[in-house]
Structures are given as C-alpha cells and as structure tokens.
Amino acid sequence: MALTPGQYLRKRREAAGLSLDDVALCFETVPPIAAAARAEWLGLVEADAVPLPAGIADALHDAFPFDPRVLAELAYRLADDPDNIAFGYAVCRSCACSELDPCGEGCSWVPGDTGLCTRCRDRGLGAPGGDTIIVATLAKVAA
Ligand SMILES: [Zn+2]
Ligand SMILES: [Zn+2]
C-alpha cells in the first residue's frame, strides 16, 4: 500500500489535532508571506503538488511530531520495489505513527497487526487486519 510524503505529513498533522492554519503560524518564510498563503502552500505540499524544502521540514517537525526517517524514505519514493527491501519501517495506517514517533500518550502495535497502533484501535480509527504500510529502503547493490 503506497503512502506519499504529503499523505504522511497530513496524517501526522491531523493526529496532532492541528489545522493547516495552525501549522502555518509555526514557521516563517523568506521572503515573508502571509500566514494564509503559507497554509495554502502547505495544502499543496500535502497534496504532493510541490516538494517540501528541507528547512521547512525542520520547522514542521517543531510544530507536530513525525519521524524524519520515514519522511526521508517517502520522499525518495523507493518503496516501489518490495523485492529489494533492506530496511522497512512500519507506520500506522490510520495516524502514520511509527516506532521512533509513537503517539503522544504512548502506543504499540495491536497484537498480530503491525499496521495499526493501539491508540487508533482504542479510538475506533482504522479497522484491524488491513494492509501494513511499510516505508522501505531499497538495498543498494554495488555493481
Ligand atoms: Zn495510529
Ligand atoms: Zn500510534
């Protein structure tokens, strides 16, 4: 099951209970643009219409928790070849939390289901037994 960088950021922002406007107030741009325009631009980032500059990723990370490792992997879009996985990071299919980025009150995988965290299960967000989203790093094979 594919997950894009924009979808990942949206899931993590929504899990933090923040709107695009909330996040837009958490960082500045050079040259400065109005908060409303920043919120609109963030919407484009979440729609994968524009790439996310590295400096802004740091600012977003100050605004809401996510796993930079997962974001970097998604940005490389290397998960297209599942036969060549060297490392895989599972993320919750509801809120996209991960092992290094658990939900604020703490969560773990639902027993027998590494695609859904206990917080989301307890809130009825996401059916058990669905696809596991693995954010994967491809093995680099030296020629
Ligand atoms: Zn979750
Ligand atoms: Zn969680």
Side-chain angles (χ1 to χ4, degrees), residues 1-30 32-141:
M1 187 178 194
L3 182 72
T4 69
Q7 288 168 346
Y8 175 67
L9 286 173
R10 180 170 52 79
K11 279 178 179 281
R12 296 309 292 145
R13 173 180 59 76
E14 290 176 348
L18 296 172
S19 70
L20 285 173
D21 288 331
D22 294 332
V23 174
L25 294 174
C26 295
F27 68 95
E28 297 292 334
T29 51
V30 180
I33 56 174
R38 287 203 298 275
E40 192 176 323
W41 177 80
L42 279 172
L44 293 175
V45 169
E46 291 188 358
D48 296 296
V50 296
L52 182 67
I56 302 293
D58 289 343
L60 291 182
H61 197 232
D62 291 339
F64 60 93
F66 61 85
D67 187 340
R69 202 180 53 164
V70 169
L71 182 65
E73 291 300 336
L74 289 171
Y76 286 124
R77 295 176 187 268
L78 292 180
D80 291 334
D81 185 359
D83 293 336
N84 221 0
I85 290 174
F87 306 101
Y89 312 123
V91 299
C92 174
R93 61 179 163 271
S94 173
C95 71
C97 70
S98 58
E99 277 182 30
L100 288 190
D101 173 34
C103 295
E105 57 268 48
C107 66
S108 58
W109 297 124
V110 171
D113 185 352
T114 53
L116 186 67
C117 80
T118 49
R119 172 185 172 276
C120 289
R121 177 200 59 192
D122 294 347
R123 295 181 179 199
L125 300 170
D131 292 333
T132 295
I133 300 173
I134 301 286
V135 178
T137 302
L138 292 187
K140 295 280 193 301
V141 179

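Just so it is clear, the structure is predicted and the values come from calculations on it, not from any experiment.
- The shortest heavy-atom contact between Leu100 and Asp67 is CB-OD2, 3.5 Å.
- Listed by chain and residue number, nothing satisfies the side chain to side chain contact (heavy atoms under 4.5 Å, CB included) test with Ala47 (two or more places apart in sequence, or in another chain).
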What do the steps show when you test Val45 against Leu9 for side chain to side chain contact (heavy atoms under 4.5 Å, CB included), and what is the final call? CA-CA 9 Å; Val45 169; Leu9 286 173; 4.0 Å; yes
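- Phe64 does not carry Arg12 over the face of its six-membered ring by the limits of under 6.0 Å from the centre and within 45° of the normal.
- The shortest side-chain heavy-atom distance between Leu71 and Pro68 does not fall under the 4.5 Å cut-off.
- Contact annotation: the side chain of Val70 approaches that of Val91 to within less than 4.5 Å [non-hydrogen atoms, C-beta and beyond].
- Looking at every heavy atom in both residues, Ala35 comes nearest to Leu25 through CB-CD2, 3.7 Å.
- We find the CG-CG distance between Leu52 and Leu42 to be 8.0 Å, quoted to the nearest 0.5 Å.
- Contact between Leu116 and Leu125 at its shortest, heavy atoms only, is CD1-O, 3.9 Å.
- Atom SG of Cys95 is separated from atom CZ of Arg123 by 9.0 Å, given to the nearest 0.5 angstrom.
- A distance-only check finds a donor-acceptor pair linking the side chain of Asp48 to the backbone of Gly6 [under 3.5 Å].
- If you take CZ on Arg121 and SG on Cys92, they are separated by 11.0 Å, rounding to the nearest 0.5 Å.
- Pairing each heavy atom of Ser98 with each of Ala90, the nearest pair is CB-O, 3.7 Å.
- Using a distance-only test at 3.5 Å, with no hydrogens or angles considered, no donor-acceptor pair links the side chain of Tyr8 to the main chain of Phe66.
- Applying the side chain to side chain contact (heavy atoms under 4.5 Å, CB included) test to Ala39 and every residue at least two apart in sequence or in another chain returns Leu20, Asp21, Ala24.
- For residues 109-119, the pairs satisfying salt bridge (charged side-chain N to carboxylate O under 4.0 Å, His left out) are Arg93-Asp113, Glu105-Arg119, with sequence neighbours left out.
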